[in-house]
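Take a look at the structure below.
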Amino acid sequence: KFYFHDGVRTAAAESLPFLLECAKIKGPQYLQEMWAFMLPELLKSIETEPENDVLAELFASLSRCVELLGKDCLGQQGLEETVGLMDKTLVDHFKKAEERAGKRAGGEEDYDEGVEEQLEDEDEEDVYILSKIGDLVHR
């Protein structure tokens with residue numbers, strides 16, 4: 001499958017709330033139609049995104065869109081999908097955290113400062129994603 005460059009996917013995610021802001025000028029009906037078109041694609045992107053940096057921006061974009069449109073903008077189905085995606089992300093986080101703890105405690109022979117730095121970077125990426133999920137929950 002073809003993926004756009006990470007920067008392109010991030011920029012696209014960041015632009016969504018601004019597009020909705022611009023759509024307000026055309027009235028609430030147009031805004032609702034635009035959101036109805038965007039939401040399923042945004043949720044699908046969150047579900048399939050392989051890169052943590054881009055995933056965090058997708059969650060941040062969803063959060064800003066919900067802030068802009070109001071808490072009821074997701075509807076029942078969108079809310080269920082969003083909660084499912086947050087749950088999946090949390091389960092993945094705890095699984096990866098256990099794996100990293102195992103690498104640290106396992107005493108692997110090639111464990112050194114470089115491996116520890118990589119594990120710390122992965123920890124920071126996970127925490128950043130969790131902070132974006134937290135932002136979404138607070139909206």
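The pair Asp126-Arg100 meets the salt-bridge criterion, with a side-chain N (NZ, NE, NH1 or NH2) lying under 4.0 Å from an Asp/Glu carboxylate O. Checked for salt-bridge contact, Arg9 and Asp6 meet the test: a charged N lies under 4.0 Å from a carboxylate O. Taking 4.0 Å as the cut-off between side-chain N and carboxylate O, Lys88 and Asp92 count as a salt-bridged pair. Contact check on Lys132 versus Glu57 returns no salt bridge, with no Lys/Arg side-chain nitrogen under 4.0 Å from an Asp/Glu carboxylate oxygen. A salt bridge links Glu41 to Lys44: at least one charged side-chain nitrogen sits closer than 4.0 Å to a carboxylate oxygen.
One hydrophobic cluster, built from ILVMFWY side chains closer than 4.5 Å, cannot hold both Val8 and Leu16; they sit in different ones. Transitive grouping of hydrophobic side chains (ILVMFWY, heavy atoms separated by less than 4.5 Å) brings Leu62 and Leu19 into a common cluster. When the side chains of ILVMFWY residues are joined at heavy-atom separations under 4.5 Å, either directly or via intervening members, Met38 and Phe4 end up in two distinct hydrophobic clusters. Clustering ILVMFWY residues whenever any of their side-chain heavy atoms sit less than 4.5 angstrom apart, transitively, puts Leu39 in the very cluster that holds Val83. Hydrophobic clustering places Val137 together with Leu74 (ILVMFWY residues linked when any side-chain heavy atoms are closer than 4.5 Å, directly or through intermediates).
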Exercise. Does the pair Ile46 and Thr82 meet the rule for a side chain to side chain contact (heavy atoms under 4.5 Å, CB included), with working shown?
Worked result: CA-CA 9 Å; Ile46 290 171; Thr82 300; over 6 Å; no
Exercise. Where do Leu31 and Lys26 land on the side chain to side chain contact (heavy atoms under 4.5 Å, CB included) test, with the steps shown first?
Worked result: CA-CA 7 Å; Leu31 181 65; Lys26 295 200 86 162; over 6 Å; no
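Side-chain contact between Glu14 and Arg64 is present, with at least one heavy-atom pair separated by less than 4.5 Å. Met86 is listed as a side-chain neighbour of Phe59, based on a closest heavy-atom distance under 4.5 Å. The shortest distance between side-chain heavy atoms of Arg104 and Glu116 falls below 4.5 Å. Considering only heavy atoms from C-beta on, Asp121 stays 4.5 Å or farther from Gln118 through its side chain.
Under the rule for a side-chain contact (heavy atoms from CB on, under 4.5 Å), the partners of Ser45 that lie at least two apart in sequence or sit in another chain are Leu58.
Checking each of Ile133, Thr10, Leu85, Ile129 against Leu55 for a side-chain contact (heavy atoms from CB on, under 4.5 Å) leaves exactly one that passes, namely Ile129.
The CD atom of Glu125 lies 11.5 Å from the OH atom of Tyr128; values are rounded to the nearest 0.5 Å. Here Met34 contributes atom CE and Cys22 contributes atom SG; the two are 8.0 Å apart, rounded to the nearest 0.5 Å. For the atom pair Leu43 CG and Gln77 CD, the distance stands at 9.0 Å (nearest 0.5 Å). The CG atom of Leu69 sits 7.5 Å away from the CD atom of Gln32 when rounded to the nearest 0.5 Å. Once rounded to the nearest 0.5 Å, the distance linking SG of Cys65 with CG of Leu136 reads 10.5 Å. For the atom pair SG (Cys73) and CD (Glu67), the distance works out to 11.0 Å, reported to the nearest 0.5 Å.
Counting non-hydrogen atoms of neighbouring residues, nucleotides and ligands closer than 6.0 angstrom, the CD atom of Glu99 exceeds 12 such neighbours.
Checking side-chain atoms of His138 against main-chain N and O of Gly134 turns up a donor-acceptor pair under 3.5 Å. Between the side chain of Glu49 and the backbone N or O of Glu51, at least one donor-acceptor pair lies under 3.5 Å. With Trp35 contributing its side chain and Leu20 its backbone, the two residues share no donor-acceptor pair below 3.5 Å.
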